Amino acid sequence: MGAVDAKIITADKIVVEDRIVLKCKVGCPNYGKKLSCPPYTPTAEEFRKIVSEYSYALFIKFESKATADIELTKHLSKLETDPTIPQEIKEKMREFWIAWKADKLKILSSVHALEKAAMSKGYPLAIGLVSGYCQLCEKCTLNRKTCLYPAKVRFSEDAVGVNVQATAKNAGITAKFPFDKNPASFALVLIA
């Protein structure tokens with residue numbers, strides 16, 4: 001399904017930390033702008049409790065087709081409107097984010113398929129999470145009643161406090177940050 005690595009892990013190997021959500025609050029421009037992100041998600045404390053109700057999960061690594069050299073990587077955390085970024089770099093940034101979004105939508109589709117497969121095998125409470133903010137709409141309605149894709153949207157791992165790097169390490173999967181050329185993205189499917 002496009003993954004470069006995947007491991008079944010026991011739920012106790014999922015690392016949930018309050019400080020991960022703090023990074024969302026102070027470092028992410030999508031904080032409060034997507035239903036899949038805080039403050040609309042379960043808190044880290046609530047998610048810790050949810051994870052304790054599961055025994056196993058599938059931790060999955062995907063590699064994006066979006067590419068960035070060292071020069072471009074320096075600018076990816078900036079807004080495209082930043083006047084100090086050269087036009088040539090802005091163009092590369094746009095290309096990177098378009099490729100990244102396409103990959104994120106494929107990952108979401110894979111997570112849905114894995115949830116469905118788990119459910120068909122007798123695990124009706126299987127549920128997935130993906131890295132990063134929701135890519136389904138340009139602008140979120142911020143209202144669960146008017147969400148255009150309520151059955152498709154999934155919470156961000158970071159938004160509920162999952163320390164993806166620590167969980168990857170516990171799963172025996174490499175998570176390199178910052179990335180060299182192609183960023184990795186991770187997903188988690190709570191199974192049983």
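Fair warning: this is a prediction, and the values are worked out from it, not measured in the lab. Both backbone and side-chain heavy atoms feed into the values below; hydrogens, waters and symmetry mates do not. Numbering of residues begins at 1 and proceeds along the displayed sequence.
- Separation of atoms NE2 (H112) and CG (L108) is listed at 4.0 Å; rounding is to 0.5 Å.
- A salt bridge does not link E17 with K23: every distance from a Lys NZ or Arg NE/NH1/NH2 to an Asp or Glu carboxylate oxygen is 4.0 Å or more.
- Atom CG of L35 sits about 5.5 Å away from atom SG of C147, to the nearest 0.5 Å.
- Other members of the cluster containing Y31 do not exist, because no ILVMFWY side chain is joined to it at under 4.5 Å.
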After noting the C-alpha distance and the side-chain angles of E91 and R94, does the key distance pass the salt bridge (charged side-chain N to carboxylate O under 4.0 Å, His left out) rule? CA-CA 5 Å; E91 207 42 57; R94 274 188 218 103; 2.6 Å; yes
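- Side-chain contacts under 4.5 Å among hydrophobic residues (ILVMFWY), followed directly or transitively, place M119 with no other residue at all.
- Taking each heavy atom of V15 and T167 in turn, the nearest pair found is N-OG1, 3.0 Å.
- If you chain together hydrophobic residues whose side chains sit under 4.5 Å apart, F62 and V162 never meet in one group.
- Y54 pairs with exactly one of V189, I127, I14 by the side chain to side chain contact (heavy atoms under 4.5 Å, CB included) rule, that one being I127.
- Atom OH of Y123 is surrounded by 12 or fewer heavy atoms from other residues, nucleotides or ligands within 6.0 Å.
- Listed by first and then second residue, the side-chain hydrogen bond (donor to acceptor under 3.5 Å, both in side chains) pairs that reach into residues 144-155 are E115-R154, T141-T146, sequence neighbours excluded.
- The shortest distance between side-chain heavy atoms of K104 and S64 does not fall below 4.5 Å.
- Relative orientation of the W100 and W97 rings is perpendicular, given thresholds of 30° and 60° on the angle between their planes.
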